[in-house]
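Shown next, in structure tokens, is the structure this report addresses.
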Amino acid sequence: MAASPHLVVFTGSGISAESGIKTFRASDGLWENHPVEDVATPEAWQRDPQQVLDFYNQRRDQIRRAKPNAAHKALAALEQDGFSVSIITQNIDDLHERAGSRHVLHLHGEILKARSSIDERMRYPLPKGGIELGNVCDKGSQLRPDVVWFGESVPLFAEACDLVSQADFLLVVGTSLAVMPAASLLSYIDYDTPCALVDPEADMLSPPGVLAINTTAGEGVPALVNRWKQQGSLL
Ligand code: APR
């Protein structure tokens with residue numbers, strides 16, 4: 001029996017914009033008024049771990065208040081309809097999961113989890129009330145947010161490349177494709193696999209061979225999903 005065609009979706013901060021979470025570019029390189037290098041680099045963690053923890057504790061509250069939007073929900077509904085859907089997200093929020101998607105790979109980690117600061121494989125549930133200085137892992141080192149900071153390697157990159165290479169359709173949503181190595185994922189699709197980018201700036205961002213769908217995630221993703229549901233296939 002033929003396996004059902006596999007949709008791989010690669011999302012960036014644009015898919016959460018309509019849930020009220022600002023994209024990186026819309027923030028002029030500032031996150032909640034902090035320069036990225038003060039809060040999201042290994043150097044910032046060395047210099048001032050309290051500032052880094054405070055920043056992520058605040059962002060966590062904002063993310064908990066946000067709700068999945070029409071794009072997150074449409075992707076989850078497609079999976080519930082029996083389509084095979086894998087999501088690779090650059091986002092550290094949990095909006096795909098809260099919408100109901102079950103196969104989500106977080107390339108840049110998850111803000112709602114903690115990890116050891118000396119071993120990225122040692123992951124922990126978030127302590128109640130957020131991470132504090134003095135919360136340690138089983139090896140006694142300070143806990144930190146389970147997110148990939150600028151300048152760090154991306155541990156799940158190989159797994160994400162594998163998924164992309166197995167796609168029958170690659171749908172890219174709400175990403176400027178500016179941050180490496182995530183953006184290079186697109187080069188791992190099979191040469192004849194269709195690929196589309198849904199983004200209000202898609203015509204300027206789409207690499208050659210990628211269909212540009214110049215609209216928001218909240219409009220573009222449900223429209224595609226409805227078409228696939230009506231057709232009963234991705235192609
Ligand atoms: N629907 C879809 N796309 C949108 C919407 C929307 N409503 N609003 C904005 N966008 C698009 C923008 O046009 C832009 O192309 O979302 C994209 C956001 O781009 P970036 O801010 O560069 O975010 P992203 O590509 O996710 O950044 C990648 O960089 O900030 C770091 O590590 C962080 O994971 C992040 C990575």
Side-chain angles (χ1 to χ4, degrees), residues 10-69 72 87-99 101 104-157 159-160 174-176 178-183:
F10 177 44
T11 65
S13 59
I15 197 168
S16 295
E18 289 158 90
S19 295
I21 301 175
K22 263 195 191 157
T23 64
F24 178 55
R25 291 203 304 168
S27 323
D28 282 335
L30 296 178
W31 275 342
E32 307 304 314
N33 300 322
H34 293 279
V36 165
E37 52 279 10
D38 284 358
V39 288
T41 59
E43 293 76 19
W45 179 242
Q46 290 298 326
R47 208 168 42 232
D48 193 346
Q50 186 65 60
Q51 183 179 24
V52 174
L53 292 178
D54 289 346
F55 169 74
Y56 282 98
N57 287 339
Q58 277 166 22
R59 291 208 72 199
R60 219 171 265 127
D61 288 342
Q62 179 202 21
I63 281 169
R64 286 199 178 106
R65 285 193 301 270
K67 295 195 170 60
N69 63 48
H72 300 104
I87 297 177
I88 302 167
T89 186
Q90 298 170 87
N91 301 340
I92 58 177
D93 66 51
D94 63 342
L95 294 177
H96 283 300
E97 287 92 338
R98 276 200 267 146
S101 288
V104 186
L105 183 154
H106 283 271
L107 210 50
H108 294 162
E110 295 172 76
I111 194 171
L112 298 176
K113 294 195 177 147
R115 54 159 272 206
S116 158
S117 49
I118 53 165
D119 187 342
E120 72 202 16
R121 292 162 307 176
M122 294 175 73
R123 297 205 168 82
Y124 296 89
L126 201 66
K128 213 169 175 323
I131 305 172
E132 288 174 17
L133 286 181
N135 294 150
V136 291
C137 73
D138 293 335
K139 289 184 182 163
S141 79
Q142 173 64 43
L143 289 184
R144 57 168 266 188
D146 186 17
V147 299
V148 176
W149 287 325
F150 288 90
E152 291 188 315
S153 64
V154 179
L156 295 177
F157 187 65
E159 207 177 307
T175 174
S176 62
V179 173
M180 290 295 186

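The figures here come from the full heavy-atom set of this structure, side chains too, leaving out hydrogens, waters and symmetry mates. Residues: numbered from 1 along the sequence shown. Remember, it's a predicted structure, so these values are computed and weren't measured experimentally.
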| request: Any chance you could lay out the side chain to side chain contact (heavy atoms under 4.5 Å, CB included) test for Ser19 and Lys67, step after step, and finish with the verdict? | output: CA-CA 6 Å; Ser19 295; Lys67 295 195 170 60; 5.7 Å; no
| message | Between Ser117 (side chain only) and Gln142 (backbone N and O only), is there a donor and an acceptor less than 3.5 Å apart? | response | yes
| request: Look only at the side chain of Glu110 and the backbone of Asp146, and say whether a donor-acceptor pair between them is shorter than 3.5 Å. | output: no
Side chain proximity check, [X] to [Y], heavy atoms < 4.5 angstrom:
X: Asn69; Y: Ser16; value: no
X: Tyr124; Y: Asp138; value: yes
X: Ile131; Y: Pro145; value: yes
X: Val136; Y: Ser141; value: no
X: Leu105; Y: Thr89; value: no
X: Asp119; Y: Lys139; value: yes

Please report the interatomic distance [atom1]([X]) to [atom2]([Y]), rounded to the nearest 0.5 Å.
X: Phe157; Y: Ile88; atom1: CZ; atom2: CD1; answer: 9.5 Å
X: Asn91; Y: Ile21; atom1: CG; atom2: CD1; answer: 7.5 Å
X: Asn57; Y: Glu132; atom1: CG; atom2: CD; answer: 8.0 Å
X: Ile111; Y: Arg64; atom1: CD1; atom2: CZ; answer: 9.0 Å
X: Asp93; Y: Ser13; atom1: CG; atom2: OG; answer: 9.5 Å
X: Ile15; Y: Ile87; atom1: CD1; atom2: CD1; answer: 7.0 Å

When you check the side-chain N and O atoms of [X] and [Y], is any donor under 3.5 Å from an acceptor?
X: Gln50; Y: Asp54; value: yes
X: Gln90; Y: Thr11; value: no
X: Glu97; Y: His72; value: no

| Salt bridge present between Arg47 and Asp38 (N-O < 4.0 angstrom) | yes
| field | Check ion pair Glu152-Arg144 (N to O, under 4.0 angstrom) | value | yes
| request: Taking all heavy atoms of Ala114 and all of Pro125, pick out the closest pair and write down the distance. | output: CB-O, 4.2 Å
| task | Show your working on side chain to side chain contact (heavy atoms under 4.5 Å, CB included) between Gln46 and Thr41 and close with a plain yes or no. | result | CA-CA 9 Å; Gln46 290 298 326; Thr41 59; over 6 Å; no
| message | Using 30° and 60° as the class boundaries, would you call the ring planes of Trp149 and Trp45 parallel, tilted or perpendicular? | response | tilted
